[in-house]
Amino acid sequence: MSSGVPASSTVPDPHAARREKLRKLVEMGVDPWGGRLDGIASISDVRAQLPQVKFHTEAGQQLNLPVELLSLEDVQQRQNEFRTWLSQQGKGEMVGPTVRVAGRIMLNRDKGKLRFLDVQDRTGSVQLFVGMNQVGEKNWELAALLDMGDIIAADGMFAVTKLGEPTIFVTALHFLTKMLEVPPEKHHGLNDPELRQRMRYLDLTYNEGVLPRFIARTKVVQSIRQTLHQQGFFEIEGPTLHTIAGGAAARPFVTHHNTLDLDLFLRIALELHLKRLLVGGMERVYELGRVYRNEGISPRHNPEFTMLEAYQAYGDYGTMMDLTESLILRAIEAIDGNYRRPWGDKLIDFTPPFARRTYDELFQEHTGVDPRDEAGVRALAGKIGFHTEGKHPDVIKSEVFEEKVEDALMGPVFVLDYPASICPLTKRKRENPQVAERFELFIQGMEVANAYTELNDPDLQEQLFRTQLAGLADDESMAKMDTDFIRALRHGMPPAGGLGVGIDRLVMLLTNTQTIRDIILFPVLRPEQEK
RNA sequence: GAGCGCGUAGCUCAGUCGGUAGAGCAACGGACUUUUAAUCCGUAGGUCCCGGGUUCGAGUCCCGGCGCGCUCACCA
């Protein structure tokens, strides 16, 4: 060609360049969208085969590699020392197992007649060595068309380079999928929080720690199911469309069923249907699923989130405390087993047993006011700036508690024995009906779990539903009449303990994640503007 | 819902007092058979979120809108 380069290769637009390479792949007879490929080993499994790599000397010796050198943290030092070691062994060659890996190309170092590719799968990444004289014409031609972000597989021998880098010396490449978009910056990854959420697939691939965090979430959920299964709980699937959005104090999402011409609510809690199942003889029953609350969005709130609720007949809130503790401890063991866990620049110590403190005791400790002194509590509330007129003393007390005590509870700490009138679904203490057998578990000021000795007296339940709490609007009250639920109670619900756990928050705390959006794969976002 | 902040190349980010757009990565061309955030030489790449306004002149100042983040409220 006399007049310079072909038109197709002068395109500076990275998207057009990728399209052009796609065209060339097709021209070569390569399917740019791949297909089934068997025999792929995970990269972590391949790396685990490092001890099988030997150096064969000319004298016929098979030497083990100096593993202690290869595992040096300091890369420069590792390279130097390995190079020295290798030179001391005289001539010879590296021999290792034959492997096949697949993954996305993360780095692509073109060194003329040599190419180094870093390929990443769900378990890690490994370097590929592609040499012009080693892979043959067809593979070399293919290698020239590879972009970062493409998905490929490679066959080759797993060994180490002269500088001690574990590497697959490629004998054959398999093209599997073209990436037509340009990947994020290779060193900084994807930083824009909006893009990270809108394009979680990029966040997962290109930002360190994101995939492991979601894998940790999966492990926590699996562990919880396993622990409950081991204790004889049945997992059920209750309705998500409710005619009465009960069981918690929150505004629901409303939807409409056309055929029934009926407004329905997305569930805000799992409670009332699980209790119906207690009536039905499912003595140990739980649901782990999504609930929806039409409330604000914040680093600790997403409109849909995951909740565990578990109910155990013949138990009480003490039973639930033990269950909560073991659910969390087993979950930690499923991740990495470290009871002392980082939280920002702090440390959370999950070493059992978790502290157990009463509501009143903590109230007194953090406010200096006797919680039984209604006038004193009211005065304190006024000083904070709360409106107190017409409100039930317990409501005022609980507002002060939330303001002054909760944020200070670094925990983990079980807060026991709540004022009865803010707990319409909870059994009262036999010896003191002013106090409800309820606990909440606080960690770093966040409420992670909430449990009751469940109220199973249908007449009292009906009365509590009817009693609107003073000073509270309808949608702020948990006291929503549900006559169908009351009828179920009249058929006999065994005495029971019940527990609710906010799974997202628990996972946040266990994975040192400060915002709930980083622990929910696809958090709610406004739709993107058309460009 | 309110207050504050941010929005510049595919990505990560600069952009001074209002004077006509910058870097790195990615891309394209070239050199290199042990690189590893490869390096070196060269080339190209912009609706400065959108719409108004002020001005001789706006990425920059003002108003409105959109999106995101933080704080607060509601909530777990």
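Here is how names work: the chains are called A, B, and so on, in the same order as the sequence lines, proteins then strands, and each is numbered from 1.
For B:A38, one of the phosphate oxygens OP1 or OP2 lies less than 4.0 angstrom from a side-chain nitrogen or oxygen of A:Arg109. For the pair A:Asn191 and B:C11, the criterion of a side-chain N or O lying under 4.0 Å from OP1 or OP2 is not met. Applying the 4.0 Å criterion to OP1 and OP2 of B:A38, one finds that A:Lys186 has a side-chain N or O inside that range. Distances shorter than 4.0 Å separate some side-chain N or O of A:Arg293 from OP1 or OP2 on B:A76. Taking only side-chain nitrogens and oxygens, A:Arg18 never comes nearer than 4.0 Å to OP1 or OP2 of B:A26. Distances shown here put every side-chain N or O of A:Lys111 at or beyond 4.0 Å from the OP1 or OP2 atom of B:U39. Between B:G69 and A:Gln197, a contact under 4.0 Å exists linking OP1 or OP2 to a side-chain N or O. Listed pair A:Arg526 / B:G67 meets the phosphate criterion, a side-chain N or O lying under 4.0 Å from OP1 or OP2.
Paired with A:Glu271 under the rule side chain to side chain contact (heavy atoms under 4.5 Å, CB included), one option of A:Glu287, A:Glu309, A:Met307 passes, and it is A:Glu309. A side chain to side chain donor-acceptor pair (under 3.5 Å) with A:Glu81 is found for one member of A:Arg83, A:Arg78, A:Gln77 and no other, namely A:Gln77.
Between A:Tyr292 and A:Phe253, the angle of the ring planes goes over 60°, which puts this pair in the perpendicular group of the 30/60° scheme. By the 30° and 60° cut-offs, the orientation of the rings of A:Phe129 relative to A:Phe116 is perpendicular.
Rounded to a whole Å, the NE2 atom of A:His187 is 14 Å from the P atom of B:U36. Rounded to a whole Å, the CD1 atom of A:Ile105 is 18 Å from the P atom of B:A37. Between A:Glu194 atom CD and B:U8 atom P there is a gap of 10 Å when expressed in whole angstrom units. Protein atom CG of A:Asp110 is 15 Å distant from nucleotide atom P of B:C40, rounded to whole Å. What separates CE of A:Met132 from P of B:U34 is a distance of 13 Å, to the nearest Å. Across the protein-nucleic acid pair, A:Glu208 atom CD and B:A37 atom C1' stand 13 Å apart, rounded to whole Å. One atom, NZ of A:Lys113, and another, P of B:C32, lie 6 Å apart when rounded to the nearest Å. One atom, CD of A:Glu93, and another, P of B:U34, lie 18 Å apart when rounded to the nearest Å.
Across the interface with RNA chain B, nearest-nucleotide mapping of A:Met199 and A:Arg83 shows A:Met199 to be the residue nearer the 5′ end. Mapping A:Glu402 and A:His15 onto RNA chain B by nearest heavy atom places A:His15 at the nucleotide closer to the 5' end.
Separation of the P atoms belonging to B:A58 and B:G18 is 14 Å when rounded to the nearest angstrom. Comparing B:C63 with B:A27, their P atoms sit 43 Å apart, to the nearest whole Å. A distance of about 12 Å separates the P atoms of B:A9 and B:C13, rounded to the whole Å. Here the separation of B:G46 from B:C32, taken at their C1' atoms, is 34 Å to the nearest Å. Nucleotides B:U60 and B:U54 place their P atoms 15 Å apart, quoted to the nearest Å. For the C1' atoms, the distance from B:A37 to B:C11 is 14 Å, rounded to whole Å. The separation of B:A73 from B:C56, taken at their C1' atoms, amounts to 48 Å, rounded to a whole angstrom. The same atom, C1', is picked in B:G29 and in B:C50; the two are 38 Å apart, to the nearest Å.
Among the protein residues, A:Asn294 comes within range of no part of the nucleic acid, since none of its heavy atoms lies under 4.0 Å from any strand. Within the 4.0 angstrom heavy-atom criterion, base atoms lie near A:Glu185. Here A:Arg115 lies out of heavy-atom contact (under 4.0 Å) with every strand.
Distance from the side chain of A:Phe305 is smallest for B:A76 among the nucleotides B:G69, B:U12, B:A76.
By the criterion of a centre-to-centre distance under 5.5 Å and near-parallel planes under 30°, the ring of A:Phe116 forms no stack with the base of B:A38.
Under a 4.0 Å N-O distance rule, the pair A:Arg196/A:Asp518 qualifies as a salt bridge. Taking 4.0 Å as the cut-off between side-chain N and carboxylate O, A:Arg217 and A:Asp504 count as a salt-bridged pair.
Using N1 to N3 plus N6-O4 or O6-N4 for Watson-Crick, or N1-O2 and O6-N3 for G-U wobble, each under 3.5 Å, B:U47 pairs with nothing. Taking a pair to require two hydrogen-bonding distances under 3.5 Å in either a Watson-Crick or a G-U wobble arrangement, B:C6 pairs with B:G67. Taking a pair to require two hydrogen-bonding distances under 3.5 Å in either a Watson-Crick or a G-U wobble arrangement, B:C28 pairs with B:G42. Base-pair partner of B:A21: not found among the strands shown (Watson-Crick or G-U wobble, both distances under 3.5 Å). The nucleotide B:C72 finds its pairing partner in B:G1, both defining distances of the Watson-Crick or G-U wobble pair being shorter than 3.5 Å. Base pairing of B:U16: no nucleotide in any strand meets the Watson-Crick or G-U wobble criterion (both distances under 3.5 Å).
With hydrogens and angles ignored, no donor-acceptor pair closer than 3.5 Å exists between the side chain of A:Glu165 and the base of B:U35. The base of B:U36 is not paired with the side chain of A:Thr167 by any donor and acceptor separated by under 3.5 Å.
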Table of protein N/O atoms under 3.5 Å from nucleotides 70-72 of chain B N/O atoms:
unit_1: B:C70; atom_1: OP1; unit_2: A:Arg517; atom_2: NH2; d: 3.3
unit_1: B:C70; atom_1: OP2; unit_2: A:Arg517; atom_2: NH2; d: 2.4

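Atom CG of A:Leu25 sits about 10.5 Å away from atom CD of A:Glu20, to the nearest 0.5 Å.
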Practice problem: Please lay out, stage by stage, how A:Trp85 and A:Leu65 fare under the test side chain to side chain contact (heavy atoms under 4.5 Å, CB included). | Solution: CA-CA 9 Å; A:Trp85 178 85; A:Leu65 299 186; 4.1 Å; yes
Quiz item: Could you walk me through whether A:Arg290 and A:Glu304 pass the salt bridge (charged side-chain N to carboxylate O under 4.0 Å, His left out) check?
Solution: CA-CA 6 Å; A:Arg290 210 66 63 82; A:Glu304 52 178 316; 2.7 Å; yes
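Considering only heavy atoms from C-beta on, A:Asp118 stays 4.5 Å or farther from A:Val126 through its side chain.
A cation-pi arrangement is not found for A:Arg438 relative to A:Tyr452, the charged atom failing to lie both closer than 6.0 Å to the ring centre and inside a 45° cone about the ring normal.
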